Amino acid sequence: MIKDLQNMWKARIWMKTNVPFLYSWHAYVGFDLNLFEAFKRPVRVEDVADAYDLEPELLEQWVEVGVALKHLKKDDKGRVSIKKSWKLPKGKENHPSSGDLLKEMMELHIPSLLSYPELMREKKRNHFDSEQHAPTVAKTSTLLELLAFHLIDRNVKKHDVKSILDIGCGEAGYLIRLAKKYPDLNLKGVEISKEVAESAKEASGPYENIEIIHSDIEEYEPEEPLDYVMVNNLLHYINPEDRQAFFERLSEIIKENGIATIISPLQKAKHGKQFSSAFNSFFLTFDNLYPIPSEDELREITEKAGFKMDKPSAIIREGGWFIVKIQKDS
């Protein structure tokens, strides 16, 4: 009897623990199907099902969950509308948004983490398809720009920067922001994904001082040494065995006293240990993604490559995201 009560108590604890997942799931479905836009004003569920060509019973149940979570509300005529718009992701046309983060989490992170039992039993790893997932990852990376740009901007001013290279530039968000503020800066972005590079070229088209190159950094040769190199959300793509060579390559293309900034989660950091551990768990499910380094590991690598490393600054404490500045020794 006592054992049964203990098991029931544990079950209740896990049910309560997983309630927050319902909020994420509901918001993800609403974002992916643009339902929060559909219910922006009071409307009947059946009308939305017809307009969006959706299965009515599933939509009705999604609405019921939304009402229980207080994402949605019903009026006395049975019409449904959103209740707390400030909490909910905007439509897909509003990039970047929390919806992009939910999409990456639900379609990429959680399925990978759920594969852990199979991967451990079979002693194997998945393979990360960069071309398939690069557009989604590029959009979520853009969210970091909103929080990190002022730190990038501060470095541009402090070090009198004239030329910048963004390695793994994604959709060129940082470069476009910089071009708007500094039309005389020489800005270049290197992007290994052809699809993302094309998006970056299209987005940066109006800015004459931006050049996007579809290339791997190992194959890219700048015309002259650079003042500033940005390495954003990239370390987990680089095998730890190759990181020393990567930073030595950076040292080759950066001017004397030039700088680089690295944006990444850091393992065993003061802030965001839960998320940094979860990031590493996710990365380790793939045979071509790699664990993120700790501050001490990153310092050792960069110093061996001829850089001095500043103390990391937290960008998103809850998520364990940091920006680290390194400067080439003269």
Side-chain angles (χ1 to χ4, degrees), residues 3-117 133 136-137 139-140 142-143 146-147 272-275 277-279 281-282 285 316-321:
K3 186 176 181 180
D4 290 340
L5 288 174
Q6 288 176 335
N7 288 337
M8 178 58 69
W9 182 252
K10 290 178 183 178
R12 289 183 64 187
I13 289 174
W14 283 110
M15 286 179 70
K16 289 180 180 179
T17 302
N18 282 281
V19 166
F21 177 77
L22 288 176
Y23 289 87
S24 299
W25 167 80
H26 189 267
Y28 159 71
V29 174
F31 170 77
D32 196 55
L33 296 175
N34 213 26
L35 292 175
F36 296 125
E37 185 66 27
F39 289 107
K40 196 172 183 178
R41 295 178 178 82
V43 63
R44 296 187 309 163
V45 175
E46 53 265 39
D47 290 338
V48 172
D50 288 341
Y52 283 65
D53 193 25
L54 300 174
E55 206 284 322
E57 191 172 357
L58 290 178
L59 178 60
E60 181 67 48
Q61 190 57 45
W62 178 85
V63 166
E64 291 301 318
V65 174
V67 172
L69 297 176
K70 298 184 178 179
H71 284 176
L72 304 171
K73 60 183 178 181
K74 282 186 178 180
D75 63 18
D76 53 8
K77 296 181 180 179
R79 298 177 302 180
V80 177
S81 60
I82 57 176
K83 186 172 184 179
K84 296 182 178 179
S85 60
W86 62 272
K87 287 180 61 176
L88 303 172
K90 302 295 183 183
K92 288 187 175 182
E93 69 281 358
N94 295 287
H95 289 300
S97 79
S98 58
D100 295 306
L101 185 61
L102 284 167
K103 187 175 179 65
E104 179 176 328
M105 182 176 72
M106 290 293 186
E107 297 182 3
L108 184 55
H109 290 235
I110 289 178
S112 297
L113 293 174
L114 289 176
S115 71
Y116 248 65
H133 299 299
T136 298
V137 173
K139 286 182 172 59
T140 55
T142 304
L143 285 170
L146 304 176
L147 299 172
K273 289 182 181 178
Q274 291 175 322
F275 270 94
S277 295
F279 277 125
S281 299
F282 164 69
T285 63
I316 306 177
R317 292 192 175 197
E318 299 83 355
W321 283 91

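Not measured: the values here are computed from a predicted model.
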Just verifying a value: how many Å separate Leu101 CG and Tyr28 OH, rounded to the nearest 0.5 Å? 13.0 Å

Of all heavy-atom pairs between Tyr116 and Ser281, which one has the smallest distance, and what is that distance? OH-O, 3.1 Å

Is it true that atom CD of Glu55 has more than 12 heavy atoms of other residues, nucleotides or ligands lying nearer than 6.0 Å? yes

Looking at Asn34 and Glu37, would you say the former's side chain and the latter's main chain have a donor-acceptor pair under 3.5 Å? no

Who passes salt bridge (Lys or Arg N to Asp or Glu O under 4.0 Å) against Asp32, sequence neighbours left out? Lys92, Lys103

If you measure from OG on Ser277 to CZ on Phe282, what distance do you get to the nearest 0.5 Å? 15.0 Å

CD of Glu107 to CE of Met105, rounded to nearest 0.5 Å, is 11.0 Å

Sort and list the pairs that fulfil side-chain hydrogen bond (donor to acceptor under 3.5 Å, both in side chains) and have at least one residue in residues 61-70, not counting sequence neighbours. His26-Trp62, Glu64-Lys74

Would you name the heavy atoms of Ala278 and Leu113 that are closest together and state the gap between them? O-CD2, 4.4 Å

Looking at Leu35, Val65, Val80, Val45, which hits side-chain contact (heavy atoms from CB on, under 4.5 Å) with Leu72? Val80

Of all heavy-atom pairs between Leu59 and Ala49, which one has the smallest distance, and what is that distance? CD2-N, 3.6 Å

Heavy-atom closest contact (Asp75 atom, Pro42 atom, distance): OD2-CB, 4.0 Å

Which atom names give the shortest non-hydrogen contact between Phe31 and Pro89, and what distance separates them? CB-CG, 3.9 Å

Under 4.5 Å between any side-chain heavy atoms of Lys73 and Ser81, yes or no? yes

Do Met106 and Ser24 have side-chain heavy atoms sitting under 4.5 Å apart? yes

Is it the case that the side chain of Tyr23 and the backbone of His71 share a donor-acceptor pair, with hydrogens and angles ignored and the cut-off at 3.5 Å? no

Straight-line distance of Phe36 CZ to Ile82 CD1, nearest 0.5 Å: 8.0 Å

At what distance, to the nearest 0.5 angstrom, does NE2 of His133 lie from CD of Glu104? 9.5 Å

With rounding to the nearest 0.5 angstrom, report the NE2 to OG1 distance, His109 to Thr285. 9.5 Å

